[in-house]
Engineer: 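For reference, the structure I am asking about is given below.
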Amino acid sequence: EVIDSFEPEAESLLAMDVDIVFLPDPNVCKSLREKGVCAICLRVYNTEEVQGAAKLLGEIFGGEVQEKSELWLKEFNESITDLEAKFSDIPLEDRPVVYEIIGAKYKGIYRTNYGDAQAWLQYGGGQIATLEFAGATWNNMPTEEAILATNPDIVLISGLYWEQLKEELLANEKWQTINAVVNNQIYTIPMACTDWNNYSTCYPLMNYFVFSVLYPDRVDFSLKEMTKEFYSTFYEIDFSDAEIEYMLEGLSPAGEKICN
């Protein structure tokens, strides 16, 4: 069935005899409930909401789902505690400044997140380059000059278009004096069914990935092994070593470029 997820019709959903509808907009949920649809607001636009969603889904479905929900929440919080112990001796002002480029769509090198949507950067031991723009929206974004003034030490690029965006960044004259470009500290965010940074269940892994990029000399774990175990536990998928490698490199399951 094809449903308009922005303006779903209650009549269509009732005709499908659905038990539950999950939507991110509380107003849409309220409208559907008034028409007899069991609509539950499920928002996952920052780390706090993802945790809340995991807890809520466990409570709704119970059984094995709740067991996995509780285990995921435990692993997420343990990742934060574990990593904090590894960089707690580094003063906040001395931690690397990290800038994120979102490449799910080709929107240029200034497409990024703001505020608590990037909490994983802090969990991994970094400073959020755009932290002072926490209230920004897509319609009210900081200027190019403001972004450049943050002078990030590291740039992380996610999404299908990460290669094109990296090329654009390196070809941009204004970025040539930025620390991340000068020191060649530009990295691809791992990607599975979604980018690890994209409001996903992969947040525990994302925390460790960020730390591994920021403090490679302090890494005492195998991100490959952690990734393999994570997907086996929570998705019941046993990836091969090669598939895990491709995932970490932002390639397709066959090891090919995702977007040419």
Side-chain angles (χ1 to χ4, degrees), residues 22 24 40-92 94-98 100 102 113-131 134 154 156 158 187 189-239 244 247-248:
F22 294 106
I40 297 177
C41 185
L42 196 71
R43 295 181 59 83
V44 289
Y45 297 120
N46 57 52
T47 56
E48 291 297 322
E49 289 181 347
V50 170
Q51 291 179 79
K55 185 174 185 295
L56 179 61
L57 290 172
E59 292 172 347
I60 290 173
F61 293 105
E64 184 181 0
V65 176
Q66 187 160 25
E67 291 176 6
K68 285 191 175 183
S69 166
E70 292 173 353
L71 179 59
W72 183 88
L73 288 164
K74 180 174 180 289
E75 289 200 7
F76 178 83
N77 288 303
E78 285 181 349
S79 73
I80 296 173
T81 303
D82 179 36
L83 292 172
E84 186 176 11
K86 300 181 191 301
F87 62 76
S88 61
D89 62 311
I90 302 175
L92 177 61
D94 293 336
R95 296 172 190 174
V97 176
V98 189
E100 171 201 18
I102 300 174
N113 276 312
Y114 305 99
D116 57 2
Q118 295 177 301
W120 40 267
L121 285 177
Q122 295 172 318
Y123 297 153
Q127 297 187 67
I128 301 174
T130 56
L131 185 62
I154 291 174
L156 301 180
S158 68
Y187 300 91
I189 293 174
M191 180 165 40
C193 60
T194 183
D195 312 321
W196 280 11
N197 64 317
N198 191 23
Y199 320 127
S200 79
T201 55
C202 299
Y203 274 147
L205 294 176
M206 187 62 189
N207 294 339
Y208 280 99
F209 166 73
V210 171
F211 179 85
S212 71
V213 168
L214 273 55
Y215 308 105
D217 58 329
R218 296 191 176 207
V219 172
D220 57 0
F221 54 84
S222 169
L223 186 60
K224 293 180 183 178
E225 290 302 317
M226 293 177 70
T227 303
K228 196 168 187 177
E229 183 177 350
F230 182 90
Y231 282 97
S232 177
T233 299
F234 294 104
Y235 288 86
E236 299 180 8
I237 300 175
D238 293 318
F239 288 111
I244 294 294
M247 186 187 302
L248 297 178

Engineer: Can you tell whether the side chains of Lys55 and Glu59 come within less than 4.0 Å, N to carboxylate O?
Structural biologist: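 Salt bridge between Lys55 and Glu59, a charged N being under 4.0 Å from a carboxylate O: yes.
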Engineer: Evaluate the side-chain proximity of Gln51 to Asn77: yes if any heavy-atom separation is below 4.5 Å, no if none is.
Structural biologist: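 With C-beta onward as the side chain, the pair touches.
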Engineer: Is it the case that the side chain of Gln127 and the backbone of Leu92 share a donor-acceptor pair, with hydrogens and angles ignored and the cut-off at 3.5 Å?
Structural biologist: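 Confirmed, Gln127 side chain pairs with Leu92 backbone.
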Engineer: Parallel under 30°, tilted from 30 to 60°, perpendicular over 60°: which one fits the rings of Tyr215 and Phe211?
Structural biologist: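 Judged by the thresholds at 30° and 60°, the geometry between Tyr215 and Phe211 is tilted.
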Engineer: Let me confirm one number: the SG-CD1 distance from Cys193 to Ile237, rounded to the nearest 0.5 Å.
Structural biologist: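 If we round to the nearest 0.5 Å, Cys193:SG and Ile237:CD1 are 8.0 Å apart.
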Engineer: With a 4.5 Å heavy-atom cut-off, do Lys86 and Asp220 have their side chains touching?
Structural biologist: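 Contact flag for Lys86/Asp220 side chains = yes.
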Engineer: CG of Leu73 to CD of Glu70: how many Å apart, nearest 0.5 Å?
Structural biologist: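 Result: 8.0 Å between the selected atoms.
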Engineer: Between the main-chain N or O of Leu223 and the side-chain N or O of Thr227, is there a donor-acceptor pair closer than 3.5 Å?
Structural biologist: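 It does hold such a pair.
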Engineer: Evaluate the criterion side chain to side chain contact (heavy atoms under 4.5 Å, CB included) for residue pair Tyr208 and Trp196; output intermediate values, then yes/no.
Structural biologist: CA-CA 11 Å; Tyr208 280 99; Trp196 280 11; over 6 Å; no
Engineer: So which heavy atom on Ala54 is nearest to which on Trp72, and how close?
Structural biologist: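 In this case the closest contact between Ala54 and Trp72 is CB-CE3, 3.8 Å.
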Engineer: So, does Ser232 use its side chain to make a donor-acceptor pair with the main chain of Lys228 at under 3.5 Å?
Structural biologist: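 Answer holds: no.
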Engineer: Provide the closest heavy-atom pair for Gly58 versus Gln66 in the form atom of the first, atom of the second, distance.
Structural biologist: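 Between these two residues, the closest heavy atoms are O-CB, 3.3 Å.
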Engineer: Nearest 0.5 angstrom please: Thr201 OG1 to Glu75 CD, how far?
Structural biologist: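 One gets 11.0 Å once the value is rounded to the nearest 0.5 Å.
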Engineer: To the nearest 0.5 Å, tell me how far Leu57 CG sits from Lys68 NZ.
Structural biologist: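 Leu57 atom CG to Lys68 atom NZ measures 13.0 Å (nearest 0.5 Å).
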Engineer: Might you point out which heavy atoms bring Gln118 and Glu100 nearest each other, and give the distance in Å?
Structural biologist: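 Heavy atoms only, the tightest pair is NE2-OE1, 2.8 Å.
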Engineer: Measuring from Asp195:CG to Leu156:CG, what's the distance to the nearest 0.5 Å?
Structural biologist: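 If I round to the nearest 0.5 Å, the distance is 12.0 Å.
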Engineer: Closest approach of Phe76 and Ser79, non-hydrogen atoms and distance?
Structural biologist: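 What the structure gives for the nearest pair is O-OG, 2.6 Å.
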Engineer: Taking the side chain as C-beta and beyond, is there a heavy-atom pair between Thr47 and Met206 under 4.5 Å?
Structural biologist: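 Not in contact.
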Engineer: Hey, mind stepping through Leu83 and Tyr123 against side chain to side chain contact (heavy atoms under 4.5 Å, CB included) and telling me if it holds?
Structural biologist: CA-CA 7 Å; Leu83 292 172; Tyr123 297 153; 5.7 Å; no
Engineer: Sub-3.5 Å donor-acceptor pair from the side chain of Asn46 to the main-chain atoms of Glu48, do we have one?
Structural biologist: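 Looks like yes, one N/O pair under 3.5 Å.
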Engineer: Can you name the nearest heavy-atom pair linking Trp120 to Val210, along with the distance?
Structural biologist: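 Heavy atoms of Trp120 and Val210 come nearest at CE3-CG2, 3.7 Å.
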Engineer: Between Gly125 and Pro96, which heavy-atom pair has the shortest distance, and what is it?
Structural biologist: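 For Gly125 versus Pro96, the nearest heavy atoms are O-CD, 4.0 Å.
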Engineer: Under the side chain to side chain contact (heavy atoms under 4.5 Å, CB included) rule, what do Ile60 and Ile40 come out as? Steps first, then yes or no, please.
Structural biologist: CA-CA 10 Å; Ile60 290 173; Ile40 297 177; 3.6 Å; yes
Engineer: Is a side-chain N or O of Ser69 found less than 3.5 angstrom from the main chain of Leu56, in a donor-acceptor match?
Structural biologist: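 Pair absent, no side-chain N/O of Ser69 close to backbone of Leu56.
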Engineer: Between Phe230 and Tyr235, what is the ring plane arrangement, given parallel below 30°, perpendicular above 60°, and tilted in between?
Structural biologist: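 Taking Tyr235 first and then Phe230, their aromatic rings sit tilted (interplane angle of 30° to 60°).
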Engineer: Is there any ring-ring contact (aromatic ring centres under 6.0 Å, His included) pair reaching into residues 40-66, and which pairs are they, with sequence neighbours excluded?
Structural biologist: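 Those involving residues 40-66 are Tyr45-Tyr199.
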Engineer: Any sub-3.5 Å donor-acceptor pair from Thr81's side-chain atoms to Glu78's backbone N or O?
Structural biologist: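 Checked: no pair found.
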Engineer: Taking Ser212 for its side chain and Phe209 for its backbone only, find out whether a donor-acceptor pair lies under 3.5 Å.
Structural biologist: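 Indeed, once roles are kept as given, a pair shorter than 3.5 Å links the two residues.
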Engineer: Does Leu214 form a side chain to side chain contact (heavy atoms under 4.5 Å, CB included) with Arg95? I'd like the steps, not just the answer.
Structural biologist: CA-CA 8 Å; Leu214 273 55; Arg95 296 172 190 174; over 6 Å; no
Engineer: Given side chains that start at C-beta, do those of Tyr231 and Cys202 come closer than 4.5 Å, heavy atoms only?
Structural biologist: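 Side-chain contact under 4.5 Å: yes.
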Engineer: Rounded to the nearest 0.5 Å, what's the gap from CG on Asn197 to CG on Leu205? Could you check?
Structural biologist: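 Rounded to the nearest 0.5 Å, the CG-CG separation comes to 12.5 Å.
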